[in-house]
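Written below as C-alpha cells is the structure these notes are about.
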Amino acid sequence: MNLQQVFDQLNTVQANPAISIFVPTHRTFPDNQQDAIALKNALKELETRLSEAHDKREVQTRLEQIEKELSEHDHNYNLDTLAIFSTPESTQIFNFPFKVKPRVIIDQHFATRDILRELNSSVHYYMVIVSRMNGRLFEVFNDQLVHEFNQEDELQGLEFPLENTHLYTTSSNDRSNATKEENYIKEFLNRVDKSVQEVYKQNPLPIIVVGDERTVSFYQQVCDNPNAIVATVTNSANLEAEARLIIEEAQEQVNLYRTKLQEVAQTEINQAKSQNLLIEDLSSIYRAANEGRLDQIFIKKGYIQPANIDSATSTVELDTGTTTTDDIVDDILSTVIHHGGKAHFLDAEFLDQNANLLAKARY
C-alpha cells in the first residue's frame, strides 16, 4: 500500500456529498467477528444522517453503491481500520494498518487528516529477509505487517519468496570452493535485489535487511540502492519464521531508526533557533502556515489542541469555552504539507520543556 498515493488521491476529491467512514477492525479470529457488526452500525448511522438532508431514493442509491463495493470484502483479511470513501460516482475501500477513531463524516471533501498524521508520525518500511538459500520481502508499518510479497504480486523480476536453486544444482566441487560459493550467493542476492528494487521504485520506502552477518554484508555489496538501507538485523533466530516473529525481532532497530529521525529533527530545531527562524507562538505558527512561510513543523506526539480561531486577526485562542476547530494541530499540519513543508512528530524528550508545537520558517 502506497499511503502517500492514497492520501494524494483522496485529498483532491470534491463531491456533494463526500462520505468518509472509519471502522476499527481486528487482524485475528475471533476478534474480527465483531467487525461485521461494527460496519453494519456505521452504515446505519450513515443512512440516518444522509436521510436528514437527502431524499430517500438518493440515500438508497448511495447505500447500494457502498454495499456493492463491500460485497467482496473479507473480514478475515482486516488490518486495524476499514476505511470507506464514497462520492456519487465511486466508492473506494481501504484496509489501513493503523487505528482510527470510529466515525462517519459527511462533507464536501474526504476526511484524510488521520492518514496525513500517520504518514508523518510512523515508520513505514520494507523488510528484506535473506539467507544463502531464500529471499523474502515484507511491507511493514511500525510493528505491523502490511503485506508479504508472494506469487500473486505482478513483478517483472522473480516472484517472492525466492529460492536459490543454483546452489542445489552446482557440483560438490563447486560447493567446496569458497570463492565460487560466495559468487553463487551474491548472484542469487542480486536477483533478490532486482525484485526488491522493482517494488521500491513503485513505492520508495526505507529498507531493513534481515539475515546473518555474512549474507547481509553480501546483500549490501550487490544492492543497487544501498542508501535506501537504513538498518540491518543479524540476530534473527529463524529466518523462515512467520512474518510477525521476524518483525518483532527487528523492532529494536526500527526504534533506533525512529530515534535517529527525531535526533535529526532536534538538530533542525536548534539550527532554526540559531538562525532566528524558529517560531514558538501558536498564533504566529498558524498565520505563517496559512501564508506558506513554514518549512518544517515539530509536533509533540499525542498533542491535540481544540481552539477558537479569530478569523479577523488569525489569532488562535485556547480555553475560551468555544471552539472553531477540534484540533488546530491538524489544521496547521494539513496547511504546511499543502505548501510543501515537512512535519516531524517527536517524543517529549526531543523538545524543550512545555513545548508542544514549534515551526521553522522558510525566511
> Which heavy atom in Lys301 sits nearest to a heavy atom in Gln262, and how many Å separate them?
Replying inline: NZ-NE2, 4.0 Å
> To the nearest 0.5 Å, what is the distance between CD1 (Ile285) and CD (Glu280)?
Replying inline: 8.0 Å
>> Can a donor-acceptor pair be found, under 3.5 Å and without considering hydrogens, that links the side chain of Asp327 to the backbone of Gln305?
In response: yes
>> What verdict does the side chain to side chain contact (heavy atoms under 4.5 Å, CB included) test give for His109 and Ser20, after you've listed the backbone C-alpha separation in whole Å, the side-chain angles of each residue and the deciding distance to 0.1 Å?
In response: CA-CA 9 Å; His109 303 271; Ser20 307; over 6 Å; no
> Okay, side chain of Asp352, backbone of Ala355: is any donor-acceptor separation there less than 3.5 Å?
Replying inline: no
> Given Tyr219, which of Val196, Val210, Ile185, Asn190 fulfils the side-chain contact (heavy atoms from CB on, under 4.5 Å) condition?
Replying inline: Val196
>> Test side-chain hydrogen bond (donor to acceptor under 3.5 Å, both in side chains) on Glu47 and Ser51; report intermediate values, then the result.
In response: CA-CA 6 Å; Glu47 181 179 10; Ser51 298; 5.3 Å; no
>> Can you confirm whether more than 12 heavy atoms, excluding those of Lys260, are under 6.0 Å from its NZ atom?
In response: no
>> Using every non-hydrogen atom in the two residues, find where Leu50 and Pro17 come nearest and quote the distance to one decimal.
In response: CD2-CG, 4.2 Å
> Is there a donor-acceptor contact under 3.5 Å from the side chain of Asp153 to the main chain of Leu155?
Replying inline: no
> Taking NZ, NE, NH1 and NH2 as the nitrogens, is one of them in Arg49 or Glu45 under 4.0 Å from a carboxylate oxygen of the other?
Replying inline: yes
>> With heavy-atom distances below 4.5 Å as the criterion, would you say the side chains of Phe160 and Glu148 are in contact?
In response: no
> Taking the side chain from Thr81 and the backbone from Val100, do they hold a donor-acceptor pair closer than 3.5 Å?
Replying inline: yes
>> For Phe141 and His124, take the angle between the two ring planes, folded into 0 to 90°, and tell me which bin it lands in: parallel under 30, tilted 30 to 60, perpendicular over 60.
In response: perpendicular
> For the side-chain contact (heavy atoms from CB on, under 4.5 Å) test, which of Asp331, Ile309, Val316, Asp310 pairs with Thr324?
Replying inline: Ile309
>> Walk me through whether Gln4 and Asp8 qualify under side-chain hydrogen bond (donor to acceptor under 3.5 Å, both in side chains).
In response: CA-CA 6 Å; Gln4 184 65 60; Asp8 291 342; 3.0 Å; yes
>> Which heavy atom of Pro88 sits nearest to which heavy atom of Asn16, and what is that distance?
In response: CG-O, 3.8 Å
> Okay, side chain of Ser131, backbone of Met133: is any donor-acceptor separation there less than 3.5 Å?
Replying inline: yes
> Which heavy atom in Asp143 sits nearest to a heavy atom in Val140, and how many Å separate them?
Replying inline: C-CG1, 4.3 Å
>> According to side chain to side chain donor-acceptor pair (under 3.5 Å), does anything in residues 244-256 pair up with another residue at least two apart or in another chain? List the pairs.
In response: Tyr125-Gln251, Ser236-Glu249, Glu242-Arg244, Asn255-Arg258
> Of Arg62, Gln92, Glu69, which is the lone residue that meets side-chain hydrogen bond (donor to acceptor under 3.5 Å, both in side chains) with Ser86?
Replying inline: Arg62
>> Using a strict threshold of under 4.0 Å (side-chain N to carboxylate O), is an ion pair present between Arg103 and Asp114?
In response: yes
> If you draw a 6.0 Å radius around CD in Glu72, do more than 12 non-hydrogen atoms from other residues or ligands fall strictly inside?
Replying inline: no
>> What's the separation between atom CD in Glu163 and atom CZ in Arg191, rounded to the nearest 0.5 Å?
In response: 10.0 Å
> For atom CG of Asn203, is the number of surrounding heavy atoms from other residues, nucleotides or ligands below 6.0 Å larger than 12?
Replying inline: yes
> Is the Phe96 ring parallel, tilted or perpendicular to the Phe94 ring (thresholds 30°, 60°)?
Replying inline: parallel
>> Please give me the minimum heavy-atom distance between Tyr286 and Ser314, naming the atom from each residue.
In response: CD2-O, 3.8 Å
> Below 4.0 angstrom, N of the basic side chain to O of the carboxylate: do Lys186 and Glu182 qualify?
Replying inline: yes
>> I'd like to know whether Leu137 forms a side chain to side chain contact (heavy atoms under 4.5 Å, CB included) with Ser195, so could you lay out the CA-CA distance, the side-chain angles of the two residues, the decisive distance to 0.1 Å, and finally the verdict.
In response: CA-CA 9 Å; Leu137 179 63; Ser195 292; over 6 Å; no
> Are Tyr126 and Ile246 connected in the hydrophobic side-chain network, where two residues link if heavy atoms are under 4.5 Å apart?
Replying inline: no
>> Checking the side chain of Asn142 only, and the main-chain atoms of Val123 only, is there a donor and an acceptor separated by less than 3.5 Å?
In response: yes
> Yes or no on side-chain hydrogen bond (donor to acceptor under 3.5 Å, both in side chains) for Asp35 and Asn78, after CA distance, side-chain angles and deciding distance?
Replying inline: CA-CA 9 Å; Asp35 298 344; Asn78 282 341; 2.8 Å; yes
> Quick check: does any side chain N or O of Asn308 sit under 3.5 Å from a backbone N or O of Glu317, one acting as donor and the other as acceptor?
Replying inline: no
> Under a single-linkage definition using a 4.5 Å side-chain heavy-atom cutoff for Ile, Leu, Val, Met, Phe, Trp and Tyr, are Ile337 and Leu3 assigned to the same hydrophobic cluster?
Replying inline: yes
> Is there a donor-acceptor pair closer than 3.5 Å between any side-chain N or O of Thr232 and the backbone N or O of Val209?
Replying inline: no
> Okay, side chain of Asp347, backbone of Glu349: is any donor-acceptor separation there less than 3.5 Å?
Replying inline: no
> Taking all atoms of both residues into account, what is the closest heavy-atom pair of Val192 and Gly135, and its distance?
Replying inline: CG2-CA, 4.3 Å
>> Quick check against the 3.5 Å criterion: does Asp31 have a side-chain atom that pairs as donor or acceptor with the backbone of Arg27?
In response: no
> Between Glu67 and Ser71, does any side-chain donor sit less than 3.5 Å from a side-chain acceptor?
Replying inline: no
> Looking at Lys201 and Asp224, does any basic side-chain N land under 4.0 Å from a carboxylate oxygen?
Replying inline: no
>> Which residues pass the salt bridge (charged side-chain N to carboxylate O under 4.0 Å, His left out) test with Lys342, not counting sequence neighbours?
In response: none
> With a 4.5 Å heavy-atom cut-off, do Leu162 and Phe188 have their side chains touching?
Replying inline: yes
> Hey, what do you get for CG (Leu239) to CG (Asn134), rounding to the nearest 0.5 Å?
Replying inline: 9.0 Å
> Under the salt bridge (charged side-chain N to carboxylate O under 4.0 Å, His left out) test, which residues partner Glu58, sequence neighbours left out?
Replying inline: none
>> Checking Ile279 against Leu294 for the side chain to side chain contact (heavy atoms under 4.5 Å, CB included) test, could you report, in this order, the C-alpha distance in whole Å, the side-chain angles of both residues, the deciding distance, and whether it holds?
In response: CA-CA 9 Å; Ile279 306 175; Leu294 295 186; 3.8 Å; yes
